[in-house]
Amino acid sequence: MKRQWIRLIELVVGSWLLFSLGTLVSVQTGTPSVNWRPTFNTLLFALMLYAWSIFIVCQQRRFASVLMDFVIVVYSCGFLSLMITAIKQFAIVSRFSSLVIIISLVGLFVNGLWFKTGRQLNKQQSS
């Protein structure tokens with residue numbers, strides 16, 4: 001059981017890092033003279049949401065798995081958005097666009113593993 005908690009936390013941290021990296025690369029390639037404040041706010045909000053979902057799952061609070069599923073869905077949509085944007089910009093900056101596409105695909109895979117691990121952990125807690 002403890003091993004699954006560690007795996008869950010590793011997946012959450014990995015997902016956030018991939019989302020952050022994908023967002024930073026995507027924003028930098030789109031407009032090099034970008035105002036970084038909104039990007040920083042987005043990444044900070046994502047970090048708080050990821051941390052909050054893990055915290056309430058660890059505390060076994062009511063609706064914890066629902067919030068975790070919500071966070072997974074929202075940031076999976078974020079990865080899809082990054083990927084679609086990179087595909088549209090592929091002709092302009094192909095090197096960075098392919099990097100964002102790979103990061104997004106890995107991020108979607110990590111979110112799938114996060115969802116699966118969360119479900120397994122939820123089943124064990126309820127039994």
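Note that the coordinates shown come from a computational prediction; the quantities given were computed from them, not determined experimentally.
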Are I9 and L11 connected in the hydrophobic side-chain network, where two residues link if heavy atoms are under 4.5 Å apart?
-> yes

Before giving the answer on side chain to side chain contact (heavy atoms under 4.5 Å, CB included), spell out for V57 and W5 the whole-Å C-alpha distance, their side-chain angles and the decisive distance to 0.1 Å.
-> CA-CA 10 Å; V57 165; W5 281 108; 3.5 Å; yes

Distance (rounded to the nearest 0.5 Å) between L105 CG and L80 CG = 9.0 Å

Give the cluster check for V66 versus V73: same hydrophobic cluster or not, with ILVMFWY residues linked at side-chain heavy-atom distances below 4.5 Å.
-> no

Just how far is it from atom OG1 of T39 to atom CG of L44, taken to the nearest 0.5 Å?
-> 12.5 Å

Find the distance between CG (L24) and CZ (F19) and round it off to the nearest 0.5 Å.
-> 9.5 Å

Cluster question for you: counting only ILVMFWY and a side-chain heavy-atom cut-off of under 4.5 Å, with indirect links fine, are I84 and L99 together?
-> no

State plainly whether one hydrophobic cluster holds both V74 and V71, where clusters connect Ile, Leu, Val, Met, Phe, Trp and Tyr through side-chain heavy atoms under 4.5 angstrom apart.
-> yes

Test log, rule side chain to side chain donor-acceptor pair (under 3.5 Å), inputs S15 and Y50 = CA-CA 9 Å; S15 179; Y50 275 59; 3.0 Å; yes

Please report the shortest heavy-atom distance between I101 and A86, naming the atom on each side.
-> CG1-CB, 3.8 Å

Of all heavy-atom pairs linking S76 and N111, the shortest is OG-ND2, 3.1 Å

Note: W114 and L8 closest approach over all heavy atoms is CD1-CD1, 3.3 Å

Distance, nearest 0.5 Å, that separates OG of S104 from CG of L21 | 9.5 Å

Do I103 and L82 have side-chain heavy atoms sitting under 4.5 Å apart?
-> no

So, do I56 and M68 sit near enough that their side-chain heavy atoms are less than 4.5 Å apart?
-> no

First locate atom OG1 of T42, then atom CZ of R37, and finally report the distance between them rounded to the nearest 0.5 Å.
-> 11.0 Å

What's the verdict on side chain to side chain contact (heavy atoms under 4.5 Å, CB included) for F40 and L43, showing C-alpha distance, side-chain angles and the deciding distance?
-> CA-CA 5 Å; F40 176 73; L43 299 179; 5.8 Å; no

W52 side, atom CH2; F45 side, atom CZ - distance, nearest 0.5 Å | 9.0 Å

Atom of T85, atom of S26 and distance for their closest heavy-atom approach = CG2-OG, 4.5 Å

Residues L67 and S53: closest non-hydrogen pair is CD2-CA, 3.9 Å

